[in-house]
Engineer: 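Questions regarding the structure given below will be posed in turn.
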Amino acid sequence: MSESPSLNDSEAKASPRTGEKLQKVLARTGLGSRREMERWIEEGRIAVDGKPARLGDRVDDSARIAIDGRPLDRAPAEETRCILYHKPTGEVCSRKDPQGRRTVFQRLPKLKSGRWISIGRLDYNTSGLLLFTTDGELANALMHPSSNIEREYMVRVMGDVRPEHLEALLAGVMLEDGLAKFTDIQDGGGDGINHWYYVVIMEGRNREVRRLWESQGLTVSRLKRVRYGEVFIPSRVKQGQWTELENKEIKSLYRMADLPQKKVRKASIKEREKMERQFGKRDGRGSARKGGKPAGGTGPSRKRG
């Protein structure tokens, strides 16, 4: 005669699976960012042990994960690739746009395996530096609010900017989603109502730079990101162009993310030829902006120090 299941057995069957959050496991395989993986879960594309996954699910090593009905290889990528893209205005940072607008992914080199994951975003009317990687773990660590990575922007402001405005922006302004501030503001010159500034923020909230200036009754007429952490936009990379990051730059990204660096997978010969064709016959990768005019524009000079 078989024994009835004990209370402990029943509780064990009803208890939720322990382990890591599903979107974190998916992102680490290089499929996309955690935010994108959350959308996949909401869209019903992910199944765990044959059942549709839900936001908040956790999985352990024994879980069987499928995407669009196909089993997932959960091994994280052993190699990494990182590229820099100079985003023009008029492009969106999503993979597909319901309105049919051009996306930043359309100009990137095609991958035989894995996916390009955007490290942060820029809005439709903002240009400048965007970083992409095939390492989901790296992307998520760099985008996490606790990363405290400097983002520097070149901004043209319309209006009468007074010293008290700058003081308020450095001290902190309460926006609808919390306190925000610039950690540095440098005068970039300019005449009339259009004046240039270089500003630094430590997080990547939606339209944060624009909203900070708007809080002072001022309008941003042009905005371009020129630096992310220790990576500057190279002078030779014009709008709509991309380039592979150098090993020292990739090393700095992993250091900022507090992660061990993975082996760098080089671009194929065809990819490198295509990349170089963007730049014409000029040799060398170009140097990061260290004073002088910022890359790809006719903005003000920037004296660092």
Side-chain angles (χ1 to χ4, degrees), residues 30-33 35-36 77 79-97 101-136 138-143 149-154 204 206 209 222-254 256-257 264-268 270-280 282 284-289 294-297 299:
L31 288 168
S33 67
R35 184 180 299 177
E36 187 173 5
E79 297 180 321
T80 186
R81 280 185 70 183
C82 300
I83 61 174
L84 180 152
Y85 176 62
H86 188 162
K87 176 190 176 299
T89 58
E91 290 185 354
V92 296
C93 287
S94 56
R95 294 184 189 276
K96 296 181 181 179
D97 181 60
R101 294 174 296 182
R102 190 177 188 93
T103 82
V104 294
F105 291 92
Q106 290 177 248
R107 297 186 197 259
L108 305 186
K110 306 301 180 184
L111 294 172
K112 293 183 179 179
S113 61
R115 292 158 67 90
W116 289 118
I117 305 167
S118 174
I119 300 174
R121 303 163 71 89
L122 294 175
D123 67 37
Y124 185 75
N125 292 315
T126 301
S127 64
L129 182 155
L130 261 183
L131 297 176
F132 293 85
T133 181
T134 57
D135 184 353
L138 173 64
N140 288 312
L142 291 172
M143 289 187 288
I149 296 172
E150 291 187 343
R151 288 100 159 154
E152 183 176 358
Y153 292 81
M154 181 180 76
N206 185 40
V209 174
R222 183 179 172 190
L223 184 61
K224 175 180 178 179
R225 183 156 68 191
V226 294
R227 177 170 65 90
Y228 190 95
E230 300 172 19
V231 180
F232 290 83
I233 192 165
S235 59
R236 77 167 184 164
V237 181
K238 308 305 180 185
Q239 292 191 9
Q241 298 179 342
W242 60 271
T243 187
E244 295 274 342
L245 291 188
E246 301 286 354
N247 285 338
K248 63 179 181 180
E249 294 170 322
I250 296 175
K251 183 178 180 179
S252 74
L253 292 181
Y254 277 92
M256 289 188 287
V264 178
R265 183 165 65 87
K266 298 294 185 181
S268 67
K270 288 185 177 180
E271 286 173 334
R272 296 197 70 84
E273 289 176 347
K274 182 178 180 180
M275 182 181 72
E276 290 301 326
R277 281 199 297 270
Q278 298 177 118
F279 311 133
R282 288 175 292 174
R285 183 175 177 274
S287 58
R289 176 183 55 83

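Since we're looking at a predicted model, the values are computed, not measured. What you see below is based on every heavy atom in this structure, not just the backbone, and it leaves out hydrogens, waters and symmetry mates. Starting from 1, each residue takes its place in the sequence as its number.
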Engineer: What distance do Arg222 atom CZ and Thr89 atom OG1 have between them, rounded to the nearest 0.5 Å?
Structural biologist: 9.0 Å
Engineer: Between CG of Leu142 and OH of Tyr228, what distance do you get to the nearest 0.5 Å?
Structural biologist: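 So the gap between those two atoms works out to 5.0 Å.
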Engineer: Quick check: does any side chain N or O of Gln278 sit under 3.5 Å from a backbone N or O of Trp242, one acting as donor and the other as acceptor?
Structural biologist: yes
Engineer: How many angstroms lie between atom CD1 of Ile250 and atom CG of Leu131, to the nearest 0.5 angstrom?
Structural biologist: 10.5 Å
Engineer: Nearest heavy-atom pair of Val209 and Leu223: which atoms, and what distance?
Structural biologist: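 Scanning both residues completely, I find the closest heavy atoms to be CG1-CD1, 3.7 Å.
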Engineer: Quick one, Glu273 and Arg277 - any side-chain contact, counting heavy atoms below 4.5 Å?
Structural biologist: yes
Engineer: Would you say the side chain of Thr134 lies within less than 4.5 Å of the side chain of Trp116, judging by non-hydrogen atoms?
Structural biologist: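 Heavy-atom side-chain distance check passes, below 4.5 Å.
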Engineer: Might you point out which heavy atoms bring Arg225 and Leu130 nearest each other, and give the distance in Å?
Structural biologist: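 The pair with the smallest heavy-atom distance is NH2-CD2, 3.5 Å.
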Engineer: Step by step, work out the side chain to side chain donor-acceptor pair (under 3.5 Å) result for Ser94 and Asp97.
Structural biologist: CA-CA 7 Å; Ser94 56; Asp97 181 60; 4.7 Å; no
Engineer: If I take atom CZ from residue Phe279 and atom NZ from residue Lys238, how far apart are they, to the nearest 0.5 angstrom?
Structural biologist: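 So the gap between those two atoms works out to 10.0 Å.
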Engineer: If you look at every heavy atom in Cys93 and Phe105, which pair is closest and at what distance?
Structural biologist: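 The answer is O-CE1, 3.3 Å.
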Engineer: I'd like to check Leu84 versus Ile233 (side-chain heavy atoms, cut-off strictly below 4.5 Å). Are they in contact?
Structural biologist: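 SC-SC contact between Leu84 and Ile233 confirmed.
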Engineer: Closest heavy-atom contact between Ser127 and Leu122?
Structural biologist: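 Looks like O-CD1, 3.7 Å.
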Engineer: Any heavy-atom pair between the side chains of Ile119 and Cys82 that's under 4.5 Å?
Structural biologist: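 Heavy-atom side-chain distance check fails, nothing below 4.5 Å.
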Engineer: Measure across Glu91 and Pro88 and return the closest heavy-atom pair with its distance rounded to 0.1 Å.
Structural biologist: OE1-CD, 3.5 Å
Engineer: How far does OG1 of Thr243 sit from CZ of Arg272, to the nearest 0.5 angstrom?
Structural biologist: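 Here the interatomic distance stands at 7.5 Å.
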Engineer: Could you tell me if the side chain of Arg107 sits less than 4.5 Å from the side chain of Arg102, heavy atoms only?
Structural biologist: yes
Engineer: Search all heavy atoms of Ala139 against all heavy atoms of Thr133 and return the closest pair with its distance.
Structural biologist: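 Closest pair (atom of Ala139, atom of Thr133, distance): CB-CG2, 3.8 Å.
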Engineer: Under 4.0 Å between a Lys/Arg side-chain N and an Asp/Glu carboxylate O for Glu276 and Arg236?
Structural biologist: yes
Engineer: Do Met275 and Ile83 make a side-chain contact, defined as non-hydrogen atoms from C-beta onward lying under 4.5 Å apart?
Structural biologist: no
Engineer: So, Thr126 and Tyr153: side-chain donor and acceptor under 3.5 Å apart, yes or no?
Structural biologist: no
Engineer: Side chains of Arg121 and Arg35, heavy atoms from C-beta outward: is any pair under 4.5 Å?
Structural biologist: yes
Engineer: Kindly determine whether Arg101 and Tyr124 satisfy side chain to side chain donor-acceptor pair (under 3.5 Å), including the steps that lead there.
Structural biologist: CA-CA 10 Å; Arg101 294 174 296 182; Tyr124 185 75; 5.1 Å; no
Engineer: Any chance you could measure Glu246, atom CD, to Ser252, atom OG, to the nearest 0.5 Å?
Structural biologist: 11.5 Å
